[in-house]
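The figures that follow rest on heavy atoms only: side chains count, while hydrogens, waters and symmetry mates do not. One-based numbering, in listed order, for ligands and for the atoms of each.
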Amino acid sequence: MSKYLSDKYQRLEAYTPGEQPRDMRYVKLNTNESPYPPAPGVVEAAAKEAARLQLYSDPVCADLRDALAARYGVKRENVFVSNGSDDILNFAFMAFAGGGVPACFPEISYGFYPVYAALHGIEARPIPLKADFSIDPADYLGLGGFIAIANPNAPTGMALSRDQVEQIVAANPDHVVLIDEAYVDFGAESCLPLVEKYDNLLVVQTFSKSRGLAGARLGFAIAQAGVIADLERIKYSTNPYSVNRMTLAAGIASLQRDDYNADNCRRVMKTREATVARLKEMGFEVLPSLANFVFARKPGVDGEMLYRELKKRGVLVRHFSTPRIRDFLRITIGTDGEMLTLFTKLAEILKGE
Ligand code: PMP
């Protein structure tokens, strides 16, 4: 830290993204990326735009928003896009919390939520999970603040039903309820159909997971026009060109082949079920996941030790040192082959080899 950093950031603790080490080739099961390449046509579409990089990208993102609107049965005015869903979450905290409005979110959830609150001087109200690590919708009724819920939640992978989300949205009519559906395409129920009915619901999704475009940085949000206009106001007050030309083209091409993306999601879900079964055979407790990762612990075995030993053996998973979840590993679902490597290395470690 330099002596010039503003007082308001002196105690800011930044988010720590999952490792992207370069010292060797790892089986990378730590950042919930897709193990499959982007849809056919995506790379070509992006490359074509690369030839026009002397020109700014379209700040309105009209073509991509129209493509998303057609895909989800809404209008362009209901769609917002930006540089990854992280960018949209940040804008939403800026737009809908602060100035006396706290930000409420599950205590164990996406680690960025408390960081956005701290960054913008927003009072954070973490809400504990139940003993089984699920979210209790009853804890979110009439909270008097902005609410952000990842559904499925991360890192648990556990999901609320659309009806449960609706209870929360209906019970907080004076504040925006943001449902972060980064992992929804792997089997959970999306609450997009509720957008029509509730002007305080903001649904955020991403191309990073189910469409294999994490490196392109593309997220989108769907809500009624007023909330979208608020997000636009923040975007135009920071960086109107937040989505680059290549990514705009990649997003449109990816939506044209959403059948390919859906096939890959089904493949991931199948591998997830096999992974859960295998981990349980090995004595792990695995939370019921509807995401492209599982959250598992082996009673009596130190989670950090497992993480470190797996890393030594070339397999990266995610470990959190938060007390309640310190014995868990969050394991991204890779290809069947990658998961076999994981099982082999886990068995070696557990046998003490
Ligand atoms: N929400 C959740 C719950 C996540 O786990 C992630 C991935 N780290 C994101 C949002 C952000 O994804 P992206 O910025 O790649 O769209």
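Near Gly84, meaning under 4.0 Å from one of its heavy atoms, ligand 1 places the atoms 14 (O), 16 (O). The distance from ligand 1 to the heavy atoms of Arg217 drops below 4.0 Å at these ligand atoms: 13 (P), 14 (O), 15 (O). In the vicinity of Lys209, heavy-atom distances shorter than 4.0 Å reach the ligand 1 atoms 7 (C), 8 (N).
Only the side chain of Ala182 comes within 4.0 Å of ligand 1, judged by heavy-atom distances.
We find the CD1-CD distance between Ile228 and Glu77 to be 9.5 Å, quoted to the nearest 0.5 Å. Considering CG of Leu316 and CG of Leu342, their distance stands at 11.5 Å, rounded to 0.5 Å.
In this structure Arg272 satisfies the side chain to side chain donor-acceptor pair (under 3.5 Å) test with no other residue, sequence neighbours excluded.
Note on Arg324 versus Glu107: no salt bridge recorded, every NZ/NE/NH1/NH2 to OD/OE distance being 4.0 Å or above.
If you check which protein heavy atom lies closest to atom 3 (C) of ligand 1, you get Asp180 OD2, 3.4 Å. Distance from atom 4 (C) of ligand 1 to its nearest protein heavy atom, with residue and atom name: Tyr183 OH, 3.5 Å. Ranking protein heavy atoms by distance to atom 12 (O) of ligand 1, first place goes to Ser85 OG, 3.2 Å.
Below 3.5 Å of separation, one finds an N or O of Ser208 facing an N or O of ligand 1. Note: an N/O pair closer than 3.5 Å links Asp86 and ligand 1 by distance alone.
Tyr110 and Asp86 share a side-chain donor-acceptor pair at under 3.5 Å.
Aromatic ring pairs are classed by plane angle as parallel below 30°, tilted from 30° to 60° and perpendicular above 60°; the pair Phe93 and Tyr113 is parallel.
Here the closest non-hydrogen pair linking Phe186 and Ala291 is CB-C, 3.8 Å.
Remark: among candidates Phe293, Tyr110, Phe220, the nearest residue to atom 9 (C) of ligand 1 is Tyr110, based on non-hydrogen atoms.
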